Amino acid sequence: MLQTAHRTAFDESAGITLQSDIVADYILAYGSEEQKREWIPRMVSGAAITAIAMTEPGTGSDLQNVKTAAIRDGNHYVVNGSKTYITNGQNADLVVVVAKTDPKLGAKGISLILVEASRDGFARGRNLDKIGQHSADTSELFFEDVRVPITNCLGEEGRGFYYLMGQLPQERLSIALGAQASAQRAFDEAVAFTKERQAFGKSVFDFQNTRFTLAELASDLQVGWAHADWALSRHLKGELTAAEGSSAKLWHTELLWKVCDAALQLHGGAGYMNEYPIARIWRDARVARIYGGTNEIMKEVIGRGL
Ligand SMILES: Cc1cc2nc3c(=O)[nH]c(=O)nc-3n(C[C@H](O)[C@H](O)[C@H](O)COP(=O)(O)OP(=O)(O)OC[C@H]3O[C@@H](n4cnc5c(N)ncnc54)[C@H](O)[C@@H]3O)c2cc1C
């Protein structure tokens, strides 16, 4: 996960963390022996690309309200519905689809269904035009009477929402670590640029405002790294709670935004130019406060346990 965080620090490819930190763990945690053997080796080698499809045009934060249905028909499920904002959607060979196997129920009617992209009735929409993270593809997906065998259910039918809640701390920690690493990179860019750039006969770094701004950010980053280590070590021991994972995502992504914005400001006009790395880091950073559950939802999760 840390390796991914370092890569994310500049070449922001959400699709890689999605595959290695999220989908792989769903299959490892809940998959049958057959599902693991079929997908994990190819995911590791990069021969198979995967996605997880929760969000729909009509619902994102309110996951219990998904409308995509996977209805039993003999030894098959018939999947109908649509998803949106799906990372890796253009390239995925396999999609973990969050669907209602019992549409009358709320959370208890949700299952995770593996849908291979080769199935009839599966279609991809366009690659969505995003503000940033251009190296990751993000798509709409459509399912029209897609038949998959019942052995494509990941784990037990009706336990999908429980599984989602179980995996979210890791997903959120992964985003938090990526955010911390990207914040560090933004800071490093600002230090290097301001030492180089001259104004009023001295380097921009020599202005007290610059040094005070950077000193505050350096302190925030120091605290952030200590917290990242703490959260990661709790996660490795299986102790990171849903609220702690949410706090990590909330805090590190807010830090990322604060650092990126200040670092861009210290670049002056150069910060707004795409040829400078800070412009791309700033653009890529914005979505971290939205995906993986918005930061408002993080506050809901944390607040509920108080
Ligand atoms: C680049 C990108 C990649 C993504 N990748 C994936 C992916 O791979 N798979 C996937 O399934 N999804 C993915 N998403 C979707 C993402 O997880 C959702 O956009 C996110 O969860 C928010 O859902 P929404 O867009 O429907 O917003 P909404 O739920 O409509 O929220 C709109 C606003 O209302 C606020 N709000 C909603 N409910 C509450 C509440 N209870 N209390 C307070 N405020 C609330 C939100 O915080 C937000 O500010 C991706 C999104 C983006 C932008």
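Atom set for the values below is all heavy atoms of this structure, side chains included, hydrogens, waters and symmetry mates excluded. Ligands are counted one by one from 1 in listed order, and the atoms in each one are counted from 1 as well. Residue numbers count from 1 along this sequence. Keep in mind it's a predicted model, so treat the numbers as computed, not measured.
- With respect to the salt-bridge test (charged N to carboxylate O, under 4.0 angstrom), the residues Lys108 and Asp102 do not qualify.
- Expressed to the nearest 0.5 Å, how far NZ of Lys100 lies from OG1 of Thr68 amounts to 10.0 Å.
- Partners of Asp62 according to the side-chain contact (heavy atoms from CB on, under 4.5 Å) rule, which considers only residues two or more places apart in sequence or in another chain, are Thr59, Gln64, Asn65.
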Mind listing the N or O contacts between ligand 1 and protein, cut-off under 3.5 Å?
{"from": "ligand 1", "atom 1": "5 (N)", "to": "Tyr85", "atom 2": "O", "distance (Å)": "2.8"}
{"from": "ligand 1", "atom 1": "5 (N)", "to": "Thr87", "atom 2": "OG1", "distance (Å)": "2.8"}
{"from": "ligand 1", "atom 1": "8 (O)", "to": "Thr87", "atom 2": "N", "distance (Å)": "3.0"}
{"from": "ligand 1", "atom 1": "8 (O)", "to": "Thr87", "atom 2": "OG1", "distance (Å)": "3.3"}
{"from": "ligand 1", "atom 1": "9 (N)", "to": "Ile52", "atom 2": "O", "distance (Å)": "2.9"}
{"from": "ligand 1", "atom 1": "11 (O)", "to": "Met54", "atom 2": "N", "distance (Å)": "2.8"}
{"from": "ligand 1", "atom 1": "11 (O)", "to": "Thr55", "atom 2": "N", "distance (Å)": "2.9"}
{"from": "ligand 1", "atom 1": "11 (O)", "to": "Thr55", "atom 2": "OG1", "distance (Å)": "3.2"}
{"from": "ligand 1", "atom 1": "12 (N)", "to": "Thr55", "atom 2": "OG1", "distance (Å)": "2.7"}
{"from": "ligand 1", "atom 1": "14 (N)", "to": "Tyr85", "atom 2": "O", "distance (Å)": "3.3"}
{"from": "ligand 1", "atom 1": "26 (O)", "to": "Gly60", "atom 2": "N", "distance (Å)": "3.2"}
{"from": "ligand 1", "atom 1": "29 (O)", "to": "Ser61", "atom 2": "N", "distance (Å)": "3.0"}
{"from": "ligand 1", "atom 1": "29 (O)", "to": "Ser61", "atom 2": "OG", "distance (Å)": "2.6"}
{"from": "ligand 1", "atom 1": "47 (O)", "to": "Thr294", "atom 2": "OG1", "distance (Å)": "2.7"}
{"from": "ligand 1", "atom 1": "47 (O)", "to": "Glu296", "atom 2": "OE1", "distance (Å)": "2.7"}

Can I get a per-line list of side-chain donor-acceptor pairs under 3.5 Å for residues 153-160, giving both atom names and the distance, sequence neighbours left out?
{"from": "Glu157", "atom 1": "OE1", "to": "Arg72", "atom 2": "NH1", "distance (Å)": "3.4"}
{"from": "Glu157", "atom 1": "OE1", "to": "Tyr77", "atom 2": "OH", "distance (Å)": "2.7"}

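- A search for side-chain contact (heavy atoms from CB on, under 4.5 Å) contacts involving Arg37 returns Glu33, not counting sequence neighbours.
- Tyr163 and Tyr26 have their aromatic ring centers separated by at least 6.0 angstrom.
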